[in-house]
Amino acid sequence: MKKESLQAIYEAYEIEEACIREMKAFIDDEAFGKAVDLLSKAPRIGTAGCGHSGIICQHMAHLMCCIERPARFISPAEAVHGATGFLQAGDVMIFASRGGKTKELLPIVDICKAKGVSIITVTENMESPLAQAADVVLKQYVNRETDKWNAQGTTSTTALCMIFHALQAAVIEETGYQAEQFALIHPGGAVGERLNHKAL
């Protein structure tokens, strides 16, 4: 391995470590509080994003299912071909877009508005169309991506993941979700074995 390659590995760790440390300064208690309240009470939760953001939105939907908040990732391509039928009045839709201008997501916003679905947007651009259309906006902070061209969705996905992880931790507290409940729906793997052994 080249010397430069090894240096890039260490720098990637340092860049993302700094991002998580610095992004705490952008936590808006009121906005997070509204988001947690919406997620705790919504009958259903949808998530949508494109590219790397979309992949992390799939993770968020799974995180919500793991604490029995019914959720699914709605592909932007499928959303305008009937998939938004999953959403009903009173539900919540989470959009993730670093720039807040992702064109594929904008038609979904209109559908959500027409159906009475609350919108949570996670973005770096608080003045963007997706931010302006949202009921709650959570600020995404990114110092820089880890590649030398500052172009790949690396640190930005870590930042988005951190926001989603924080939301799940808060919803667990807000709803009083218990490990015994998770043990029932997660009998598989080492985690399931540990939780169900305790339950016995």
Side-chain angles (χ1 to χ4, degrees), residues 16 19-20 23-24 27-29 31-79 83-98 105 108 112 115 117-123 134-141 153-200:
E16 297 209 8
C19 180
I20 290 179
M23 70 187 292
K24 287 191 291 185
I27 294 175
D28 182 327
D29 291 359
F32 266 91
K34 290 179 181 178
V36 169
D37 185 60
L38 286 171
L39 294 172
S40 298
K41 295 175 179 176
R44 286 163 298 273
I45 298 163
T47 67
C50 291
H52 290 97
S53 294
I55 292 168
I56 305 305
C57 281
Q58 292 178 54
H59 173 54
M60 178 56 169
H62 184 68
L63 283 175
M64 291 292 98
C65 286
C66 284
I67 55 172
E68 298 187 58
R69 308 305 305 153
R72 65 164 285 187
F73 172 73
I74 300 177
S75 161
E78 303 302 329
T84 42
F86 169 76
L87 298 167
Q88 304 297 319
D91 291 345
V92 173
M93 186 70 187
I94 301 173
F95 292 104
S97 169
R98 183 178 175 186
L105 301 181
I108 312 174
C112 289
K115 296 188 74 168
V117 174
S118 297
I119 295 172
I120 298 172
T121 293
V122 182
T123 183
D135 298 285
V136 181
V137 186
L138 301 178
K139 169 76 173 177
Q140 183 180 8
Y141 164 78
T154 50
T155 311
S156 53
T157 60
T158 299
L160 181 58
C161 236
M162 186 66 250
I163 291 170
F164 287 161
H165 292 173
L167 285 171
Q168 194 217 34
V171 172
I172 287 172
E173 293 297 330
E174 196 72 13
T175 61
Y177 193 74
Q178 298 297 308
E180 291 80 9
Q181 294 171 265
F182 186 53
L184 177 64
I185 64 168
H186 196 295
V191 172
E193 185 177 346
R194 172 173 59 83
L195 290 174
N196 283 285
H197 178 71
K198 284 185 176 182
L200 295 174

Work out which heavy atom in [X] is nearest to a heavy atom in [Y]; give both atom names and the distance.
{"X": "Ala159", "Y": "Tyr141", "value": "CB-O, 3.4 Å"}
{"X": "His59", "Y": "Cys161", "value": "CD2-SG, 3.7 Å"}
{"X": "Ser156", "Y": "Gln140", "value": "O-NE2, 2.9 Å"}
{"X": "Ala96", "Y": "Phe164", "value": "CB-CZ, 4.4 Å"}
{"X": "Ile163", "Y": "Met23", "value": "CG1-CE, 3.9 Å"}
{"X": "Ile119", "Y": "Asp135", "value": "N-OD2, 2.7 Å"}

If I take atom [atom1] from residue [X] and atom [atom2] from residue [Y], how far apart are they, to the nearest 0.5 angstrom?
{"X": "Lys34", "Y": "Leu138", "atom1": "NZ", "atom2": "CG", "value": "11.0 Å"}
{"X": "Cys50", "Y": "Leu105", "atom1": "SG", "atom2": "CG", "value": "4.5 Å"}
{"X": "Met60", "Y": "Ser53", "atom1": "CE", "atom2": "OG", "value": "13.5 Å"}
{"X": "Ile45", "Y": "Asp91", "atom1": "CD1", "atom2": "CG", "value": "8.5 Å"}
{"X": "Glu173", "Y": "Gln168", "atom1": "CD", "atom2": "CD", "value": "11.0 Å"}

Inset, instruction - Show your reasoning for whether side chain to side chain contact (heavy atoms under 4.5 Å, CB included) applies to Thr47 and Gln58. - result: CA-CA 7 Å; Thr47 67; Gln58 292 178 54; 6.0 Å; no
Got [X] and [Y] here, is their nearest side-chain heavy-atom distance under 4.5 Å?
{"X": "Ile108", "Y": "Phe95", "result": "yes"}
{"X": "Ile27", "Y": "Phe32", "result": "yes"}
{"X": "Val92", "Y": "Leu87", "result": "no"}
{"X": "Leu167", "Y": "Leu39", "result": "yes"}
{"X": "Val171", "Y": "Arg69", "result": "yes"}

Legend entry - Working for side chain to side chain contact (heavy atoms under 4.5 Å, CB included), residues Leu160 and Val122: CA-CA 8 Å; Leu160 181 58; Val122 182; 3.6 Å; yes
Inset, instruction - Scan Asp37, Leu38, Val36 and name whichever one has a side chain to side chain contact (heavy atoms under 4.5 Å, CB included) with Ser40. - result: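 Among Asp37, Leu38, Val36, the one that satisfies the side chain to side chain contact (heavy atoms under 4.5 Å, CB included) with Ser40 is Val36.
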Inset, instruction - Return yes if a side-chain donor-acceptor contact under 3.5 Å exists between Glu16 and Thr158, otherwise no. - result: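 Side chains of Glu16 and Thr158: pair found under 3.5 Å.
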Is there a donor-acceptor pair closer than 3.5 Å between any side-chain N or O of [X] and the backbone N or O of [Y]?
{"X": "Glu180", "Y": "Tyr177", "value": "no"}
{"X": "Gln178", "Y": "Gly176", "value": "yes"}
{"X": "Thr121", "Y": "Val137", "value": "no"}

Legend entry - Heavy atoms of other groups near His62 NE2, more than 12 under 6.0 Å: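 Atom NE2 in His62 is not packed in, count stays at 12 or less.
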Inset, instruction - Assess whether side chain to side chain contact (heavy atoms under 4.5 Å, CB included) is satisfied between Thr123 and Arg98, documenting all intermediate values. - result: CA-CA 5 Å; Thr123 183; Arg98 183 178 175 186; 5.7 Å; no
Legend entry - Counterpart residues, side chain to side chain donor-acceptor pair (under 3.5 Å), relative to Lys115 (two or more places apart):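 Counting only residues at least two positions away or on another chain, Lys115 forms no side chain to side chain donor-acceptor pair (under 3.5 Å).
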Legend entry - side chain to side chain donor-acceptor pair (under 3.5 Å) against Thr154, all qualifying residues, sequence neighbours excluded: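 Counting only residues at least two positions away or on another chain, Thr154 forms a side chain to side chain donor-acceptor pair (under 3.5 Å) with Glu145, Thr146.
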Inset, instruction - List the steps, then state whether side chain to side chain contact (heavy atoms under 4.5 Å, CB included) holds for Met93 with Ile74. - result: CA-CA 9 Å; Met93 186 70 187; Ile74 300 177; 4.2 Å; yes
